[in-house]
Chemist: 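Please see the structure below; I have some questions.
Atom set for the values below is all heavy atoms of this structure, side chains included, hydrogens, waters and symmetry mates excluded.
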Amino acid sequence: YIDQAIDHANRPHRQLLRGRICLALKDYHNAEVAFRQCEALGMDNDDLAPYRAEQAYQTHCYTALREQLSRLSPAARRHPVLHPLMEYWQ
């Protein structure tokens, strides 16, 4: 159904949902395609970077994980959920 929604109106948050679904299914290639669409459609790094970091973790690309986390704004880095991750991966 997400593909139908995207066909109807290609929005960054719909692409993000598609990427998250692909991550859950371990379809890393299509997750990357969806995340690139998010970027092309102007999604903010604070919304996208945590999921790209998750993808990097799942594919054992730890350098990419750190790179994605570095894209977060200072406010996002202090978020109670993300702060422990930031501390660990610094």
Side-chain angles (χ1 to χ4, degrees):
Y1 291 106
I2 189 62
D3 290 332
Q4 290 175 348
I6 290 170
D7 288 343
H8 178 69
N10 192 12
R11 304 272 190 264
H13 282 86
R14 290 180 181 184
Q15 287 288 348
L16 182 65
L17 179 58
R18 185 175 190 279
R20 291 177 65 191
I21 291 168
C22 290
L23 275 183
L25 297 173
K26 299 186 185 324
D27 181 357
Y28 303 118
H29 171 73
N30 284 317
E32 180 63 24
V33 170
F35 294 152
R36 286 184 184 184
Q37 280 293 307
C38 290
E39 285 181 330
L41 294 168
M43 179 168 274
D44 187 78
N45 280 327
D46 284 352
D47 294 326
L48 181 57
Y51 298 103
R52 294 195 91 173
E54 179 182 355
Q55 178 185 19
Y57 179 79
Q58 290 180 5
T59 58
H60 310 285
C61 298
Y62 303 116
T63 302
L65 184 151
R66 285 184 179 95
E67 179 184 320
Q68 290 303 320
L69 292 178
S70 73
R71 295 175 183 226
L72 293 169
S73 70
R77 291 175 190 206
R78 290 188 303 271
H79 188 278
V81 173
L82 292 176
H83 185 72
L85 290 169
M86 298 301 298
E87 292 286 315
Y88 181 83
W89 288 103
Q90 283 185 345

Chemist: Roughly how far apart are C38 SG and E32 CD, rounded to 0.5 Å?
Modeler: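 It comes to 10.0 Å.
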Chemist: Please check if the number of heavy atoms outside R71 that lie under 6.0 Å from its CZ is greater than 12.
Modeler: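 Atom CZ in R71 is crowded, with more than 12 foreign heavy atoms closer than 6.0 Å.
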Chemist: Which atom names give the shortest non-hydrogen contact between R14 and A9, and what distance separates them?
Modeler: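 Heavy atoms of R14 and A9 come nearest at NH1-O, 3.1 Å.
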Chemist: Output the distance between atom NE2 (H60) and atom CG (L65), rounded to the nearest 0.5 Å.
Modeler: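 Rounded to the nearest 0.5 Å, the NE2-CG separation comes out at 12.0 Å.
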Chemist: Please report the interatomic distance CZ(F35) to CZ(R18), rounded to the nearest 0.5 Å.
Modeler: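 Going from the CZ atom of F35 to the CZ atom of R18 covers 10.5 Å.
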Chemist: Does M86 belong to the same Ile/Leu/Val/Met/Phe/Trp/Tyr cluster as L48, with side-chain heavy atoms less than 4.5 Å apart forming each link?
Modeler: no
Chemist: Any chance you could measure R20, atom CZ, to L17, atom CG, to the nearest 0.5 Å?
Modeler: 7.0 Å
Chemist: Does a side-chain heavy-atom distance below 4.5 Å link P12 with D44?
Modeler: no
Chemist: Within this structure, what is the CD-NE2 distance for the pair Q4 and H8, rounded to the nearest 0.5 Å?
Modeler: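 Output value for this atom pair is 11.0 Å.
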Chemist: Could you check whether any side-chain heavy atom of R52 comes within less than 4.5 Å of a side-chain heavy atom of R36, counting everything from C-beta outward?
Modeler: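 A side-chain contact under 4.5 Å exists here.
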Chemist: Check whether V81 and W89 end up in the same hydrophobic cluster, where Ile, Leu, Val, Met, Phe, Trp and Tyr are linked by side-chain heavy atoms less than 4.5 Å apart.
Modeler: no
Chemist: Given the rule that I, L, V, M, F, W and Y join up when any side-chain heavy atoms are under 4.5 Å apart, are L82 and Y51 in one cluster?
Modeler: no
Chemist: Under 4.5 Å between side-chain heavy atoms, counting indirect links through other Ile/Leu/Val/Met/Phe/Trp/Tyr residues: same cluster for M43 and L23 or not?
Modeler: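 Cluster IDs for M43 and L23 match.
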Chemist: For the CD atom of Q37 and the CG atom of L16, what is their distance to the nearest 0.5 Å?
Modeler: 12.5 Å
Chemist: Is I21 reachable from I6 through a run of I, L, V, M, F, W or Y residues, each pair having side-chain heavy atoms under 4.5 Å apart?
Modeler: yes
Chemist: Side chain of R77, backbone of S70: donor and acceptor closer than 3.5 Å?
Modeler: yes
Chemist: Between A31 and G19, what is the shortest heavy-atom contact and its length?
Modeler: CB-O, 3.7 Å
Chemist: State, to 0.1 Å, how close D46 and P50 come at their nearest heavy-atom pair, and which atoms those are.
Modeler: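 Scanning both residues completely, I find the closest heavy atoms to be O-CD, 3.6 Å.
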Chemist: Taking everything shown except Y57 itself, do over 12 heavy atoms lie less than 6.0 Å from its OH?
Modeler: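 No, the 6.0 Å shell around OH holds no more than 12 heavy atoms from other groups.
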